[in-house]
**Q** 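This is the structure, below, for whatever I ask next.
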Protein chains: 2
Amino acid sequence: MSAWTPPPPGRHVYEYPRPAVAVDCVVLGLDTDDLKVLLIRRGVDPWKGAWALPGGFVGEREGLEAAARRELVEETGIGEVFLEQLYTFGEPDRDPRHRVISVAYYALAKLSDFKLTAGTDAAGAGWHPLSKLPALAFDHATIIDAAVARLRGKVRYAPIGFELLPPRFTLTQLQRLYEIILERELDKRNFRKKILSLDLVIETDEKQTGVRHRAARLYRFDRKKYDRLVKHGFEFAI
Amino acid sequence: MSAWTPPPPGRHVYEYPRPAVAVDCVVLGLDTDDLKVLLIRRGVDPWKGAWALPGGFVGEREGLEAAARRELVEETGIGEVFLEQLYTFGEPDRDPRHRVISVAYYALAKLSDFKLTAGTDAAGAGWHPLSKLPALAFDHATIIDAAVARLRGKVRYAPIGFELLPPRFTLTQLQRLYEIILERELDKRNFRKKILSLDLVIETDEKQTGVRHRAARLYRFDRKKYDRLVKHGFEFAI
DNA sequence: TCAAAAGTGTTAAGCGTACACCCATGA
DNA sequence: TCATGGGTGTACGCTTAACACTTTTGA
């Protein structure tokens, strides 16, 4: 940036070839027993017909996160989700035709809010388990790996897991969430003790419904309290 | 693969003005009792004469990290340092004249290897303590904040602190490093116990020199062993 | 009444924390 | 010999980890 020099006379900076700038979104959702990622089917070349991350080019006067949210709504109908910048991918040959730099974002969605059909739907969008992803366009498999690594790293030190659950959840659901993301089993009693000792997950007087065994109590995450504690130096940790 | 080709005639995405893509580098170094950042003086408008991060535009067929390393060498003479992508800043108005998206990197340098004069030198580069930064060009103050936050967060879970020290260091130097970065005092005995228990910092038979009190033993970080442990699931933590 | 998951306490080991004095060295 | 930092151990409290049975509910 600091090395920018004015374009020489007679030429304008816009005459130089510049990379195109895109955003791509890795939307992760939690299913019964695995994480899923939302993919769309590409309708145009290159990689026509392949599965790809939702995304697209950044508008001329549009912020990066704004572009990511716009693409998410346009291509998948998803709005109002947790969205965070992940990494910027800019290898010169990641797009076979011309230089495209992609600012990747990852989003955490409550799967229940976005029930697409299991594989593919009319709009060409579908949830795919991370364990069996189809062939993906461009370097999108790498981008997904980075998103999952970020989630795994961050879920233990930040209360982002709740973004994957409905507003009211059982402690067992929460435990399953950590087990799925961290890929290891947790002890039920120790988990509950730990979670409840943080005093950020508070019990409601509601119970689980539509279940054919003893109904569990529903809890909710107290974000206001969390925000307050963070201001005083509190650090969340599981 | 294929080189960039000029836009074909007619309506095409490439006719639209595109953001320029730059890289900026936050180079952090550890001084006796604070962290310093390497700034250069801008020679051109906008912000002519202001201090700014080293950086510049990404070449047409150049990777992002490659661009960051190139700018670092060109503008400060620094090569061969720890360098990691930080965040991409793309607010539409961050550059007053035209759209520039900047992929920020942060680097950790051994200050001793790059002794510039305390404030400014001939080349217009200088180390500035984070506690009294001059007025900075563009949103560079924000970028520096992000770099420091990343360092603070990461230093506890990854052995990146060593990048700020010479290859042989005393345990007191290492402790000071953590104290400066984390902004809190640590207990000497507990710190040593903890560090040595990780078994990644190993004692050499050398001693500190040029010091007017008892010379401390020098240690080194065993990166090979660390890499080996990481493969088996080990997690570094201070 | 059975199947399925909810809910609940105790103990032992390991880890973090607090704390103070003698030692080696160069000026 | 003095000033400066180097180097060392122990005790206490808290956190983590291991572990199994009873309860509730709907089918």
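Order of the sequence lines fixes the chain letters, A, B, ..., with proteins taken first and strands second; residue numbering starts at 1 for each chain.
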**Q** At under 4.0 Å between heavy atoms, what does Thr170(B) touch on the DNA or RNA strands: base, sugar-phosphate, or nothing?
**A**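 The residue Thr170(B) makes no contact with any strand.
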**Q** Near DNA chain D, under 4.0 Å by heavy atom, which residues of residues 204-213 of chain A?
**A** Val211(A), Arg212(A), His213(A)
**Q** What contact category does Lys193(B) fall into here, base, sugar-phosphate, or nothing, at under 4.0 angstrom with non-hydrogen atoms?
**A**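 Contact class for Lys193(B): base.
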**Q** Base, sugar-phosphate, or nothing for Lys194(B), non-hydrogen atoms under 4.0 angstrom?
**A**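 Sugar-phosphate: the residue Lys194(B), judged by heavy atoms under 4.0 Å, touches backbone atoms but no base.
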**Q** Kindly state whether the ring of Phe221(A) and the ring of Phe169(A) have centres lying under 6.0 angstrom apart.
**A**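 Aromatic pair excluded; centres sit 6.0 Å or further apart.
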**Q** Excluding sequence neighbours, so at least two apart, what forms side-chain hydrogen bond (donor to acceptor under 3.5 Å, both in side chains) with Arg228(A)?
**A** none
**Q** Using a 3.5 Å cut-off and no angle test, enumerate the donor-acceptor pairs between side-chain atoms of residues 80-87 of chain B and protein atoms at least two apart in sequence or in another chain.
**A**
from	atom 1	to	atom 2	distance (Å)
Glu84(B)	OE1	Lys154(B)	NZ	2.8
Glu84(B)	OE2	Tyr106(B)	OH	2.9
Glu84(B)	OE2	Arg150(B)	NH1	3.3
Glu84(B)	OE2	Lys154(B)	NZ	3.2
Gln85(B)	OE1	Thr88(A)	N	2.7
Gln85(B)	NE2	Thr88(A)	O	2.9
Gln85(B)	NE2	Tyr105(B)	OH	3.4

**Q** Touch check for Arg192(A), heavy atoms < 4.0 angstrom, all strands: base, sugar-phosphate only, or nothing?
**A**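 Answer is base: heavy atoms of Arg192(A) come under 4.0 Å of a base.
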**Q** State which residues pass salt bridge (Lys or Arg N to Asp or Glu O under 4.0 Å) with Asp113(A); sequence neighbours excluded, sorted by chain then number.
**A**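 Partners of Asp113(A) by the salt bridge (Lys or Arg N to Asp or Glu O under 4.0 Å) criterion come out as none, since no residue qualifies.
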**Q** I would like to know whether Asp31(A) and Trp127(A) meet side chain to side chain contact (heavy atoms under 4.5 Å, CB included); could you show each step before the answer?
**A** CA-CA 10 Å; Asp31(A) 208 346; Trp127(A) 293 101; over 6 Å; no
**Q** Tell me whether Arg223(A) is salt-bridged to Glu163(A), with the criterion being a basic N under 4.0 Å from an acidic carboxylate O.
**A** yes
**Q** Tell me which of Asn190(A) and Ala215(A) sits closer to the 5' end of DNA chain D, going by the nucleotide each one is nearest to.
**A**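 Its nucleotide being nearer the 5' end, the pick is Asn190(A).
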**Q** Is there a donor-acceptor pair under 3.5 Å between the side chain of His140(B) and the backbone N or O of Leu53(B)?
**A** yes
**Q** Earliest and latest nucleotide of DNA chain D, 5' to 3', sitting under 4.0 Å from a non-hydrogen atom of chain A?
**A**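 From 5' to 3', the first and last contacting nucleotides are dT16(D) to dA27(D).
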**Q** Any salt bridge linking Lys36(B) with Asp34(B)? Criterion: basic side-chain nitrogen under 4.0 Å from a carboxylate oxygen.
**A** yes
**Q** Can you tell me how the ring of Phe236(A) sits relative to the ring of Tyr226(A), calling it parallel under 30°, perpendicular over 60° and tilted otherwise?
**A** perpendicular
**Q** State yes or no: are the ring centers of Phe138(B) and Phe89(B) separated by less than 6.0 Å?
**A**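 When the ring centroids of Phe138(B) and Phe89(B) are compared, they turn out to be at least 6.0 Å apart.
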**Q** Would you confirm whether Lys207(B), through its side chain, and Arg217(B), through its main-chain N or O, come within 3.5 Å as a donor-acceptor pair?
**A** no
**Q** Going 5' to 3' along DNA chain C, which are the first and last nucleotides with any atom under 4.0 Å from a heavy atom of chain A?
**A**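 The footprint of chain A covers dA4(C) to dT10(C).
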**Q** Given that Arg189(A) and Thr172(B) both sit by DNA chain D, which one's nearest nucleotide is further toward the 5' end?
**A**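 Final value for this comparison: Thr172(B).
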